[in-house]
Amino acid sequence: MDDRKVGVLGGGQLGRMLNEAANRYNIRVNVLDTAASPAKQISAHDGHIEGSFKEAEAVRKLAQASDVLTVEIEHVDTDMLEEVSKDVEVEPHWRTLRIIKDKFAQKKHLMDHGVAVAESRDVAGADEEAFKDVGKDFGYPYMLKSKTEAYDGRGNFVVKSEDDITKARKTLGNRPLYAERWANFRMELAVMVVKTKDGVLTFPTVETIHEDNICKLTYAPPRKVSKETAAKAQELAKKAIGAFEGKGVFGVEMFLLKDGTLLVNEIAPRPHNSGHYTIEACPLSQYDAHLRAILDLPIPELGLRLREPAIMLNILGGWTPDSHIQVAKKAVEVPNASIHLYGKGDARPGRKMGHITLTAPTMAAAEREIQPLIDAVDTQKG
Ligand code: ATP
Ligand code: MG
Ligand code: MG
């Protein structure tokens, strides 16, 4: 399909599913990660780079071996990407990655471009009094967040009252912090956006359910959400991503407030958990779309439509090392369930070990069929 080689910083499950798609196109993907990483397990060629995406020398080597660099994670060294961008195309743009990897800079950027977000305040390095002032101004609870290196809620702390402040600061340690007004949401929505050389396209709006700050379920289409609201979410997601440079897919997480207002929670500059459902439920997956966007291959808009209602269930690690296998063993009995295991070895509590996507002619049928698998995940959680 394309002779250009794609280099990916990171070889986790997102890199693995990107490889699955690339293999179908005969496109070579060079992965920078450890030898046993999930992405490398399914891609046998000698172009991979061993090391960490945090090491400058390894990124240089990846750049030399590739024509286009992309990421499966935003916690990358954007100074390095700026340097290698003289010799290799970097998508999305390193400036985009630099802004998004800092959640507070990301919020400011969105606000500057007229995108609605939860009110936020910088409290990095501030004293106890400043945190109390946030409580006075935002009310309780409010959310404290690490600006950087945050994922799966690791970096968030819910401050329920003034008494929590000392504990919150201790728990988050010396990470750079900002405070966010509590979003009293009715539900969370997400939209995968595709930015191409020609413009911005979107996949359908989905409903996401988080448990303990980790995405657990995705419903496409969202339940009990009007078509108008779903369309508004797509427009907001488009506007948000239109504010950034570069090509590729982006995940946009949103809050739908009780009065119908939509706020952007955060953006991921890469394939995203809330877009896994596209593999089975849409003609083109988020991984197809990412490859095509960064390589300037055509993306017919109808390829991003929902073919059939779908539910995606994350297989999160339970208390035993084989908890994900136990869930998968139940899922192989379910005809409409597609199983994805990531090849991460032993499970650890809360770790994303795999996911299941179930599609059915109606959402009611999908809900009925996936329930025993949700129960299986919950049982493993103990
Ligand atoms: P991810 O793995 O999605 O990158 P993260 O660690 O960056 O997660 P956030 O997306 O900031 O974390 O927050 C995780 C979850 O916490 C949200 O999906 C939402 O359920 C809840 N949350 C975050 N911010 C707020 C807020 N301001 N008000 C209420 N709930 C919030
Ligand atoms: Mg995040
Ligand atoms: Mg999030």
Side-chain angles (χ1 to χ4, degrees), residues 10 12-14 71-76 96-97 99-111 115-123 134-135 137-160 164 168 171-173 175-193 205-219 222 233 237 240 249-259 261-276 286 312 314 316-317 350-353 355:
Q13 68 265 25
L14 300 174
V71 299
E72 66 136 30
I73 182 165
E74 56 275 26
H75 310 303
V76 294
T96 294
L97 297 169
I99 296 167
I100 290 178
K101 70 182 277 201
D102 177 329
K103 287 167 83 168
F104 188 67
Q106 180 194 129
K107 278 243 151 55
K108 276 199 299 196
H109 186 83
L110 289 171
M111 277 189 300
V115 177
V117 295
E119 194 183 341
S120 299
R121 186 184 296 178
D122 195 352
V123 289
V134 174
D137 297 340
F138 287 3
Y140 293 97
Y142 70 80
M143 192 66 115
L144 262 188
K145 294 190 179 183
S146 172
K147 294 179 181 177
T148 56
E149 305 289 332
Y151 69 99
D152 290 348
R154 289 170 221 202
N156 289 1
F157 196 105
V158 180
V159 183
K160 296 196 180 96
D164 277 352
T171 307
L172 295 174
R175 302 173 75 169
L177 303 181
Y178 76 100
E180 226 177 88
R181 190 187 278 278
W182 191 255
N184 197 3
F185 54 79
R186 174 158 90 80
M187 61 200 289
E188 293 185 80
L189 300 175
V191 175
M192 291 308 305
V193 176
T205 300
V206 304
E207 169 189 353
T208 58
I209 308 256
H210 291 76
E211 216 174 78
D212 307 327
N213 276 292
I214 306 179
C215 175
K216 181 180 186 187
L217 286 153
T218 299
Y219 293 83
V249 299
F250 293 75
V252 182
E253 300 179 1
M254 282 169 277
F255 299 131
L256 173 59
L257 304 187
K258 290 182 175 135
D259 66 359
T261 309
L262 285 163
L263 300 178
V264 169
N265 169 24
E266 64 164 347
I267 285 171
R270 50 169 170 79
H272 189 253
N273 200 166
S274 68
H276 291 349
Q286 62 168 342
M312 189 279 322
N314 269 339
L316 299 173
R351 191 172 189 215
K352 289 173 178 166
M353 302 303 295
H355 76 267

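A quick note: this is a predicted structure, and the numbers were derived from the prediction, not measured. Both ligands and their constituent atoms are indexed starting at 1 by order of listing.
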Assign the ring pair Tyr178 / Phe104 to parallel, tilted or perpendicular, where the plane angle (0 to 90°) is split at 30° and 60°.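 Aromatic pair Tyr178/Phe104 classed tilted.
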Consider every N or O of [X] and every N or O of ligand 1, then say whether any pair is closer than 3.5 Å.
| X | answer |
| --- | --- |
| Glu266 | yes |
| Met143 | no |
| Phe255 | no |
| Glu180 | yes |
| Asn156 | yes |

Which ligand 1 atoms are under 4.0 Å away from a heavy-atom of [X]?
| X | value |
| --- | --- |
| Ala183 | 26 (C), 27 (N), 28 (N), 29 (C) |
| Lys103 | 5 (P), 7 (O), 9 (P), 11 (O), 12 (O) |
| Asn265 | 9 (P), 10 (O), 11 (O), 17 (C), 18 (O) |
| Glu253 | 3 (O), 10 (O) |
| Gly153 | 5 (P), 6 (O), 8 (O) |

How about Leu263 and Phe185: do any of their side-chain heavy atoms sit closer than 4.5 Å?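 Not touching, per the 4.5 Å side-chain cut-off.
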Taking side chain as C-beta onward, heavy atoms only, is His276 less than 4.5 Å from Leu14?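 Yes - at least one pair of side-chain heavy atoms lies under 4.5 Å apart.
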Quick check against the 3.5 Å criterion: does [X] have a side-chain atom that pairs as donor or acceptor with the backbone of [Y]?
| X | Y | value |
| --- | --- | --- |
| Asp259 | Thr261 | yes |
| Thr148 | Ser146 | no |
| Asn314 | Cys215 | yes |
| Glu188 | Glu253 | no |
| Glu266 | Lys103 | no |
| Arg175 | Glu149 | yes |
| Gln286 | His272 | yes |

Where the closest heavy atom to atom 19 (C) of ligand 1 is concerned, which of His210, Glu188, Lys145 has it?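 Nearest heavy atom to atom 19 (C) of ligand 1 lies in Glu188.
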About how many Å separate OG of Ser120 and OH of Tyr142, when rounded to the nearest 0.5 Å?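 Nearest 0.5 Å value for the OH-OG distance: 12.5 Å.
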Of all residues at least two apart in sequence or in a different chain, which pass the side chain to side chain contact (heavy atoms under 4.5 Å, CB included) check with Ala190?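 Side chain to side chain contact (heavy atoms under 4.5 Å, CB included) list for Ala190, sorted by chain: Val206, Thr208, Ser274.
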What residue and atom, counting heavy atoms only, is the protein's closest point to [atom], and at what distance?
| atom | answer |
| --- | --- |
| atom 30 (N) of ligand 1 | Phe185 CE2, 3.5 Å |
| atom 15 (C) of ligand 1 | Asn213 OD1, 3.3 Å |
| atom 2 (O) of ligand 1 | Asp152 N, 2.6 Å |

Show all protein N/O/S atoms under 2.8 Å from the Mg ion (ligand 2), or state that there are none.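 Short answer, with waters excluded from the count: Glu266 OE1, Glu266 OE2.
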With side chain to side chain contact (heavy atoms under 4.5 Å, CB included) as the test, would you mind laying out the steps for Gln13 and Asn273 before giving the verdict? CA-CA 10 Å; Gln13 68 265 25; Asn273 200 166; over 6 Å; no
For ligand 1, indicate whether the residue [X] contacts it via side chain, backbone, both or neither (heavy-atom separation under 4.0 Å).
| X | result |
| --- | --- |
| Arg181 | backbone |
| Asn273 | neither |
| Ile214 | neither |

Please verify whether a non-hydrogen atom of Tyr142 lies at under 4.0 Å from ligand 1.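 No; Tyr142 lies far enough from ligand 1 that no heavy-atom distance drops under 4.0 Å.
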In sequence, state the C-alpha distance, the side-chain angles, and the governing distance for Phe250 and Thr96, and then conclude on side chain to side chain contact (heavy atoms under 4.5 Å, CB included). CA-CA 11 Å; Phe250 293 75; Thr96 294; 3.9 Å; yes
List the atom of Asp137, the atom of Arg121, and the distance in Å for their closest heavy-atom pair.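 Of all heavy-atom pairs spanning Asp137 and Arg121, the closest is OD2-NH2, 2.7 Å.
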